[in-house]
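Report on the structure given below.
Here is the naming used below: chain letters follow the sequence lines, and residue numbers restart at 1 for every chain.
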Amino acid sequence: MTAPRAPCAVSVGGLSVARMEGRLTGWGRTAPTTARLCVPTSTAEARDAVRAAGERGTLARGLGRSYGDAAQNAGGTVLDMTSLARVRALDLEQGLVTCEAGVSLDRLMRLLLPFGWFVPVTPGTRYVTVGGAIGADIHGKNHHVSGSFGHHVTRMRLLTAGGEERELTPGDELFDATTGGMGLTGVILDATIRLLPVATSLMAVDTERAADLDELMQRLEATDHRYRYSVAWIDLVARGAATGRAVLTRGEHATLDMLTPRQALDPLAFRPRSLPAAPRGIPGGLLRTATVGAFNELWFRKAPRERRGQLQRIGAFFHPLDGVPEWNRVYGPGGFLQYQFVVPYGQEAALRSIVEQLSRHGCPSFLAVLKRFGEGGPGWLSFPMPGWTLALDLPASVPGLGPLLDRLDEQVLAAGGRIYLAKDSRMRPRTLAAMYPRLADFRALRERIDPSGVFTSDLARRLAL
Amino acid sequence: MMNALGDPQSLLVLGGSSEIGLATARRLVRGRVEVVHLAGRPSPALDAAAEELRALGAQVHVHEFDATAVDTHETVLGKIFAEGDIDVALLAFGVLGDQERDERDPLAAAAVAKVNYLGAVTASLVCAQALRRQGHGALVVLSSVAGERARRSNFIYGSTKAGLDAFAQGLGDSLHGTGARVMVVRPGFVRTRMTEGLPEAPLATTADAVAEATVAGLRRGAETVWVPGALRFVMSGLRHVPRAVFRRLPV
Ligand SMILES: Cc1cc2nc3c(=O)[nH]c(=O)nc-3n(C[C@H](O)[C@H](O)[C@H](O)COP(=O)(O)OP(=O)(O)OC[C@H]3O[C@@H](n4cnc5c(N)ncnc54)[C@H](O)[C@@H]3O)c2cc1C
Ligand SMILES: NC(=O)c1ccc[n+]([C@@H]2O[C@H](COP(=O)([O-])OP(=O)(O)OC[C@H]3O[C@@H](n4cnc5c(N)ncnc54)[C@H](OP(=O)(O)O)[C@@H]3O)[C@@H](O)[C@H]2O)c1
């Protein structure tokens with residue numbers, strides 16, 4: 001996000017309203033639109049901004065790490081929540097943290113690790129807010145064991161369309177609609193999250209190579225339950241017999257006895273380093289299938305055939321891309337998108353066919369991530385369901401990408417699967433509706449609690465949520 | 001909303017029976033466009049356009065709109081935008097006039113200017129305001145190579161397009177940073193009913209080729225589109241030909 005920021009406190013007729021215009025995109029840097037930006041620093045300011053929302057409505061935005069248009073609201077107001085970022089309470093006995101929605105997971109990790117607590121779910125980047133984590137009901141490498149983020153939220157406070165604050169707990173209709181509700185039920189002001197106790201800040205990681213997709217799926221299926229964290233990286237550029245060759249990395253928080261004496265001196269150290277930001281003004285077309293292919297080849301050869309119990313830092317294991325700030329610029333001015341879907345267990349044929357089609361199309365995707373999901377949560381529009389999920393980044397300029405992904409959408413739908421809203425930037429409204437059976441309930445609830453449509457987004461307009 | 005790959009979902013065609021407009025609508029409906037508004041003077045051609053797009057699966061609304069009734073534009077177009085966001089507004093109305101007659105009949109010349117320039121100015125301004133309010137959307141203006149340098153043989157039409165082209169460029173600049181934008185399309189000779197019976201100019205093209213270039217331009221966020229693309233270079237050459245020579249060129 002490059003837009004200028006302004007506090008909300010510009011008083012017009014006693015109401016604080018936003019005044020700065022900003023051009024916003026998601027992480028993929030596609031489909032920019034303009035909104036008035038407002039940066040509330042208190043609940044009162046957020047409330048005033050919601051009450052002052054004009055006919056184009058308003059929407060909360062976290063760190064803008066969703067790939068598409070989920071955190072944009074063309075012509076309306078966008079509340080940048082990152083200044084509503086106080087940690088309100090920390091219960092080190094029970095492992096509970098209560099914080100405002102703009103607090104990032106990076107901040108929580110830095111704060112909590114020294115006390116031996118870790119966030120219950122972390123995505124592939126630490127730079128997401130608690131509000132965004134609930135709004136998209138995010139999942140991590142531990143989904144098969146721990147479920148999605150919403151599962152670890154014990155309560156939250158939601159600012160609704162009328163400007164009232166609602167205290168919500170799991171099981172409340174509004175709690176479940178808000179978990180994965182993409183900001184469309186209101187503004188999450190704060191939340192209490194149940195933490196995970198850890199003895200060290202290191203990860204004990206097992207790495208293995210799999211020669212093809214079948215071997216990969218077999219191994220994940222057979223042994224995933226032994227690991228808290230599990231994910232596989234697939235090379236989509238490799239064709240023929242090597243289609244789906246992959247590296248599995250699975251692990252667990254290291255225990256004290258695994259550390260060297262030196263590491264044991266400061267077992268909970270957490271000082272993630274970052275490299276210089278990706279340069280600006282990178283021309284499009286840099287990422288061709290050939291260059292990406294060479295990269296993937298190198299990466300596959302570099303991975304050990306098998307290695308057990310290697311100690312890795314949290315950053316290296318969970319957030320390898322956070323080491324390069326603004327890496328999304330690598331894709332050039334045309335931007336990129338991420339395609340992530342899940343198909344239920346039993347639909348392995350559909351998964352295999354989709355991987356083959358992507359590989360055949362010659363998509364220059366660095367790596368695709370494959371993971372097994374556990375039980376789904378109660379969130380009405382929450383993405384995870386028991387099954388295989390695949391995610392890959394693609395430059396928007398790949399020829400024929402639109403029709404290819406439309407075809408894949410249909411196959412995902414036919415297999416009983418779905419596409420992740422936090423990543424989507426191009427789906428058809430009809431397909432989406434068929435993938436999320438509770439969308440009708442979601443629409444009805446919004447109609448009831450927000451009849452004039454105060455909360456809306458580009459995503460909501462595009463997909464008629 | 002325009003999606004990440006530059007596919008719009010809703011379209012407004014001003015001059016709803018225009019062949020170029022219809023060709024573009026057809027292509028967009030085969031993509032993501034579900035809602036089409038056709039604004040034009042009631043005619044069998046307008047109804048036929050609506051029917052054809054409906055048959056392709058679009059939800060089509062027809063609105064009565066006369067480019068020369070400039071005082072009605074705000075109301076007529078305002079109502080359309082009030083029904084929902086417009087991702088692409090295509091300004092496709094225009095008349096070629098009859099150069100020889102129009103030179104002799106100043107009021108006939110003024111009528112050409114009234115449609116092509118005056119009507120386009122009010123309609124564009126109303127659309128631009130609405131797009132700015134939306135915070136997104138593209139106004140596509142069908143200009144013409146004829147406006148690039150006025151020719152002896154059709155300077156009345158050419159000058160109206162020159163005015164429109166300059167206006168549209170300025171309007172585009174005024175929208176910078178608002179989320180809305182203007183794309184100027186400059187076709188050469190296009191085989192449509194507008195040019196029926198006229199001798200073909202070099203590099204003559206089809207309505208569908210204009211449509212294809214327009215859709216591609218929207219995808220890449222272009223500001224100017226020439227159809228065919230080679231005209232960009234031809235015209236940049238012609239621009240510098242001395243007057244005395246240009247006057248005698250068979251263009
Ligand atoms: C490199 C990378 C890796 C990723 N890996 C994963 C992964 O492994 N698993 C996964 O699930 N996701 C992953 N994501 C996606 C990311 O976790 C989600 O998009 C997340 O929602 C981003 O949080 P944010 O704070 O940036 O929210 P934004 O992108 O700003 O907003 C996301 C949504 O949440 C809503 N929202 C934000 N704050 C609030 C609030 N206070 N109240 C109400 N609604 C709010 C917004 O309206 C919007 O709809 C990844 C993204 C990147 C860039
Ligand atoms: N064909 C070419 O060679 C060429 C080349 C460059 C640029 N262009 C431009 O491209 C655009 C579309 O042209 P086209 O080739 O598609 O020709 P077309 O089929 O004749 O379309 C022209 C349209 O303008 C409409 N129109 C004329 N006067 C109007 C008025 N007073 N109010 C409302 N609508 C009016 C016509 O509607 P009615 O049916 O009601 O008359 C018709 O729909 C025009 O702006 C033209 O100048 C054309």
Looking at [X], I'd like to know if its [atom1] atom is crowded, meaning that more than 12 non-hydrogen atoms belonging to other residues, nucleotides or ligands lie closer than 6.0 Å.
X	atom1	value
A:Q357	CD	yes
B:E83	CD	yes
B:H240	NE2	yes

For a quick test of reading the model, state the closest non-hydrogen atom pair linking B:T178 to A:T34 and the distance between them.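 Closest heavy-atom pair between B:T178 and A:T34: C-OG1, 3.1 Å.
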Which heavy atom of B:M1 sits nearest a heavy atom of A:A74, and at what distance?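 The answer is CE-CB, 4.3 Å.
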What part of A:R56 is in contact with chain B, defined as an atom under 4.5 angstrom from a non-hydrogen atom: side chain, backbone, both or neither?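 For A:R56, the contact with chain B is made by the side chain alone.
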Please state whether the side chain, the backbone, both or neither of A:A35 comes within less than 4.5 Å of a heavy atom of chain B.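 No part of A:A35 comes within 4.5 Å of chain B.
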Sub-4.5 Å heavy-atom contacts with chain A: which residues of residues 124-143 of chain B show up?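 Only B:R133, B:Q134, B:G135, B:H136 of residues 124-143 of chain B have a heavy atom under 4.5 Å from chain A.
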Side chain proximity check, A:P429 to B:Q9, heavy atoms < 4.5 angstrom: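 A:P429 vs B:Q9: side chains touch.
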Beyond-backbone contact of B:D7 with A:R426, side-chain heavy atoms, under 4.5 angstrom: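 Answer no - side chains too far apart.
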Without swapping roles, check the side chain of A:T30 against the backbone of B:A4 for a donor-acceptor pair under 3.5 Å.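 No; judged by distance alone, with no hydrogens or angles, the pair does not exist.
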Out of curiosity, A:D69 CG to B:N3 CG, how far, rounded to the nearest 0.5 Å?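 Between A:D69 CG and B:N3 CG, I get 8.5 Å after rounding to 0.5 Å.
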Before accepting this row, confirm whether a basic side-chain N of the pair A:D406/B:R32 lies closer than 4.0 Å to the acidic partner's carboxylate O.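 Looking at B:R32 together with A:D406, the answer is yes, because their closest N to O distance falls below 4.0 Å.
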